[in-house]
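Naming: A, B, ... by sequence-line order, numbering from 1 per chain.
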There are 2 protein chains.
Amino acid sequence: MTETAQTIHDMLQRLELFSSCSDDFLTKISSAAHLTTKPKGHMLFIHEDQADYFYLVKSGWVKIFRETLDGDQAIVDIFTNGHILGETSIFQDDIYPYSAETVEPSELVQLPLSMLKDEIETNPKFAMAMLSSMARYRKQQDQELEHRTLQNAPQRIGCFLLRLTDQSQSGGPVRIHLPYDKTLVASRLGMQPETFSRALKKLKQETGIEVKGSTIETDSLDRLVRYSCAACTSEFPCKDLETESG
Amino acid sequence: MTETAQTIHDMLQRLELFSSCSDDFLTKISSAAHLTTKPKGHMLFIHEDQADYFYLVKSGWVKIFRETLDGDQAIVDIFTNGHILGETSIFQDDIYPYSAETVEPSELVQLPLSMLKDEIETNPKFAMAMLSSMARYRKQQDQELEHRTLQNAPQRIGCFLLRLTDQSQSGGPVRIHLPYDKTLVASRLGMQPETFSRALKKLKQETGIEVKGSTIETDSLDRLVRYSCAACTSEFPCKDLETESG
DNA sequence: CGAGGGTTTGAAGTGCATCAAATAGTGTGG
DNA sequence: CCACACTATTTGATGCACTTCAAACCCTCG
């Protein structure tokens, strides 16, 4: 096994999704994989293209989105370390259900869908893991839709910030760093950059957070939680929605 | 096998999701099932309750939703004939991820989740069918989110109407009947009843549809398609998103 | 007929989008 | 290290879409 293949093997092994896979399988798929570095703005694949590969993000950020004929974009999600994308095309006649583009310089692993398909069909435990992962993602998307319906712009930002924190350590001061530029955060939350800017200011007034560039600080998350989670159907530590696959 | 069990068996057999299941399995789960008739407004289960059963709708309509502490509801989806619901709780620690309530008098089949879980674990083909079903539903939800972002109220109504039509027969006059009351359609589309009423009027002006109570008629779908699908990332016959499971 | 829900209409307010312009930040070459 | 170019972000002004509150209307059904 080459050194790169070994690296990929180790990465996959650390993912919960692949925890039920044999070492044999991981070795085989790692050998067929490619690890590449892509600059910001690189298109991984395009909506409705023939799908032969899925991707694992090693570092950086990748947005998945669809667009209308006149160029309007709807951002579906934005992924980083340890997330996989494009794998659902297996169940969609091998057609990518969205486009994917790097939004930061990123390291990506390209993996063949055919082997994934094989593994699902032959390893029931893996199929189950895949189902769990899909169900979790689905719940997350349900919640996204709910947020668009019930929360206003400042609340959506607050909720987004909360999901960036390590929610295990409650109480005490917290520093949050926005992972990509504000324009992108805005579209991720379904609002215009101008709205984002104003909404963040409002959130600052309402909850006493400190905003310096892309760093946000607060003495305690309490006020943020009270303000943001008021219009949500989930209780605060809503972190159990974490997913690996997309 | 009792007569009821036979009826249920036949219903399940007609669902694509169960097409890879043995007759044995269908017989077994049918015998453990209950067919009931519920009036409008009956709660099937509540968000975060312990989940032991999933449901198949035989007739009528069931809404699935979540609500905030102050009673604000977010409708996740509304299901009818041949749709199943509550089955994803298998992958969510046997906790229902939403509440479910009949919105019309409905015939429902209650089925044990334990047997479904068994079947997934022992029948790879069924696991695959389940995955396909989840992927399809997921794509549908993605599109829902997109619609909320890119389409305005009249367009969302137009799109909803189009999905109620038999899109195989293009051209020619069409009659569409709203399946449940307008207030519910409104919340299904994420708008207020008043907005729905006004938006429908606007849609009438823009596309020349005829509205009589809950019946809508038009000489041809062309104008409706042109108007509604303008702000969408999918081409018109977008019916391939049909799902059985929820 | 009268009660009560569903639906429509009107008037007023709010939130977000849009357009335009100013400002802050970042990286470049000199 | 500075000036410039270019992009990201903020701010202001205005408009539109949707919501909210209130009231009328319309059905259906007892």
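Among the nucleotides C/dG6, C/dC16, D/dT10, the one closest to any side-chain atom of A/Lys182 is D/dT10. The side chain of A/Asp181 has D/dT9 as its nearest neighbour among D/dT19, D/dT9, C/dT8. Closest to the side chain of B/Lys40, from the set C/dG6, D/dT10, D/dG12, is C/dG6. The side chain of B/Pro154 approaches D/dC18 more closely than any other nucleotide in the set D/dC18, C/dT8, C/dT18. Closest approach to the A/Thr195 side chain among C/dT7, D/dT11, C/dA17 is made by C/dA17 (side chain taken as heavy atoms from C-beta onward).
Relative to the six-membered ring of B/Tyr137, A/Arg138 meets both conditions, a distance below 6.0 Å and an angle of at most 45° to the axis.
At the heavy-atom level, A/Ala199 lies nowhere under 4.0 Å from the strands shown. Within 4.0 Å (heavy atoms only), B/Thr183 reaches sugar-phosphate atoms of the nucleic acid but no base atom.
Of the listed residues (A/Thr80, A/Leu184, A/Val103, A/Leu164), just one forms a side chain to side chain contact (heavy atoms under 4.5 Å, CB included) with A/Pro179, and that residue is A/Leu164.
Across the protein-nucleic acid pair, B/Asn152 atom CG and D/dC16 atom C1' stand 11 Å apart, rounded to whole Å. The distance from atom CZ of A/Arg148 to atom P of D/dT19 is 16 Å, rounded to the nearest whole Å. In this entry the distance linking NZ of A/Lys201 with C1' of D/dT10 reads 7 Å, nearest Å. The interatomic distance linking B/Leu189 (CG) with D/dA17 (P) rounds to 18 Å, in whole Å.
Contact annotation: the side chain of B/Leu161 approaches that of B/Leu178 to within less than 4.5 Å [non-hydrogen atoms, C-beta and beyond]. For the pair B/Glu146/B/Gln151, no side-chain contact is recorded, criterion being any heavy-atom separation below 4.5 Å from C-beta on.
Taking 3.5 Å as the limit, the base of C/dC19 and the side chain of A/Glu194 contain a donor-acceptor pair of atoms between them. Between the side chain of A/Arg198 and the base of C/dG15, no donor-acceptor pair under 3.5 Å is found.
Along DNA chain D, the nucleotide closest to B/Gln151 and the one closest to A/Leu184 are compared, and the more 5′ of them pairs with A/Leu184.
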